[in-house]
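Presented below is the structure to which this report refers.
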Amino acid sequence: MIQKYWLLKSEPSTWSWEEQLQVSSEPWTGVRNYQARNFMKEMNVGDLAFFYHSNIGKEIVGIVKIVAPYHPDDTDDSGKFGCVDVAPVSSFKTPVTLNQIKKTPALQDMALLRQSRLSVMPLTKEEWDLICKMGEY
DNA sequence: GCCAACGTTGGC
DNA sequence: GCCAACGTTGGC
């Protein structure tokens, strides 16, 4: 299975990186957007994802890995949406801010910039590697 | 706090 | 099936 790379957004007031670091794994619940949901369906156990703080912070703070494939989201009564489980992997030494991403020519195609409301998105390996470098991971 | 972008809902 | 109205996200 090919390793894939993702970015997950969370508002720190809802679920922060500090909270994520304190659990062994956590279901990524609350996604109510079909495009984001479909990306989660494509995730495989072992895929890696950046953890991005939206609204407050506006920066990538660390890395999580997918530890359970797509399954129903208990918080969704409609039954239309599901989630994956993610476990913390590592904190960035230096968080990578939205501003830095905007200023980096190689990152202009990221959905983070082009589709600001999308909360789950894929990244290319090139984008992944560059951001890891910027975060001094 | 405002507003742009965009997804969803519901009337027709 | 179209589109206006409305709600939500998230950057500023």
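Quick caveat, the model's predicted, so the values are computed rather than measured. Per chain, numbering begins at 1; letters A, B, ... match sequence-line order.
The distance from atom NE2 of A:His53 to atom P of C:dG10 is 13 Å, rounded to the nearest whole Å. Whole-Å rounding puts the A:Asn33 CG to B:dC6 C1' distance at 10 Å. Atom pair A:Leu8:CG and C:dG10:C1' shows a separation of 16 Å (rounding to whole Å applied). Here the P atom of nucleotide C:dT8 and the CZ atom of A:Arg32 are 13 Å apart, to the nearest Å. If you measure from atom CH2 of A:Trp15 to atom C1' of C:dT9, you get 21 Å, rounded to the nearest angstrom. Here the P atom of nucleotide B:dC6 and the CZ atom of A:Arg114 are 11 Å apart, to the nearest Å. Rounded to an integer number of Å, the gap from A:Ile56 CD1 to C:dG10 C1' is 11 Å. The CG atom of A:Leu118 sits 9 Å away from the P atom of C:dG10 (whole-angstrom rounding).
The minimum heavy-atom distance linking A:Leu21 with A:Ser91 is given by the pair CD1-OG, 3.7 Å. A:Leu48 and A:Ile63 get closest at one heavy-atom pair: CD2-CG2, 4.2 Å.
With 3.5 Å as the limit, one finds no donor-acceptor pair spanning the side chains of A:Arg32 and A:Ser119.
Residue A:Lys9 places at least one side-chain N or O under 4.0 Å from the OP1 or OP2 atom of C:dG10. Checking the phosphate oxygens (OP1, OP2) of C:dT9, no side-chain nitrogen or oxygen of A:Tyr52 falls inside 4.0 Å.
Nearest to the side chain of A:Arg117, among C:dG11, B:dC6, B:dG7, sits B:dC6. Candidate nucleotides B:dT8, C:dG11, C:dT8 were compared by shortest atom distance to the side chain of A:Tyr34, and B:dT8 ranks first.
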How far apart are the C-alpha atoms of A:Tyr70 and A:Glu42, what are their side-chain angles, what is the distance that settles it, and do they pass the side chain to side chain contact (heavy atoms under 4.5 Å, CB included) test?
CA-CA 8 Å; A:Tyr70 188 81; A:Glu42 292 176 25; over 6 Å; no

